[in-house]
Amino acid sequence: HGFTHNQLILWRYAGRGRVHKVVELTGHQARVLHMAQSPDGTTIVSAAADETLRFWRILGSPTRSAAKLKMEHSSRGLLGASCIR
């Protein structure tokens, strides 16, 4: 998780030691302190110093590509994020 922009970055392992950035998840107003992934791998929850929890839907059905997911989420603003304060 990122300190300077209070973001999380989702990376994909491409093999042979290579990784590719899939998407940056922004929305917290303070440093991200904790995060966890749901057992089915479709959602991440992050907790930040701004006293919020954000639920990020990172993957839909396995048939959707990362590029399509990124496009769908960017049109919704905070990448499908929900916030609890």
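Please read these numbers as outputs of a predicted model, since none were measured by experiment.
Among all heavy-atom pairs drawn from Ala48 and Ala30, the shortest one is CB-O, 3.7 Å. Taking every heavy atom of both residues into account, Arg12 and Val22 meet most closely at CB-CG2, 3.7 Å. The two residues Trp56 and Gly27 have their closest heavy-atom pair at CH2-N, 4.2 Å.
Scanning for side-chain hydrogen bond (donor to acceptor under 3.5 Å, both in side chains) contacts around Thr43 gives an empty result, with sequence neighbours left out. By the side-chain contact (heavy atoms from CB on, under 4.5 Å) test, Arg16 is found to be paired with Arg18, residues two or more places apart in sequence or in another chain being considered.
Taken to the nearest 0.5 Å, the CD1 atom of Ile58 stands 5.0 Å off from the CD atom of Gln37. Rounding to the nearest 0.5 Å places OG of Ser38 at 8.5 Å from CG of Leu59. Atom-to-atom distance recorded for His5:NE2 and Glu24:CD is 7.5 Å, nearest 0.5 angstrom.
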side-chain contact (heavy atoms from CB on, under 4.5 Å) between Gln7 and Val32, worked out: CA-CA 7 Å; Gln7 84 275 26; Val32 176; over 6 Å; no

Pair Asn6-Thr26, side-chain contact (heavy atoms from CB on, under 4.5 Å): steps then yes or no: CA-CA 7 Å; Asn6 307 315; Thr26 59; over 6 Å; no

Working for side-chain contact (heavy atoms from CB on, under 4.5 Å), residues His28 and Arg54: CA-CA 8 Å; His28 283 295; Arg54 290 192 183 268; 3.5 Å; yes

Verdict with reasoning, Arg57 to Ile44, per side-chain contact (heavy atoms from CB on, under 4.5 Å): CA-CA 7 Å; Arg57 187 168 171 216; Ile44 290 177; over 6 Å; no

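At a threshold of 4.5 Å between non-hydrogen side-chain atoms, the residues Met35 and Leu8 count as touching.
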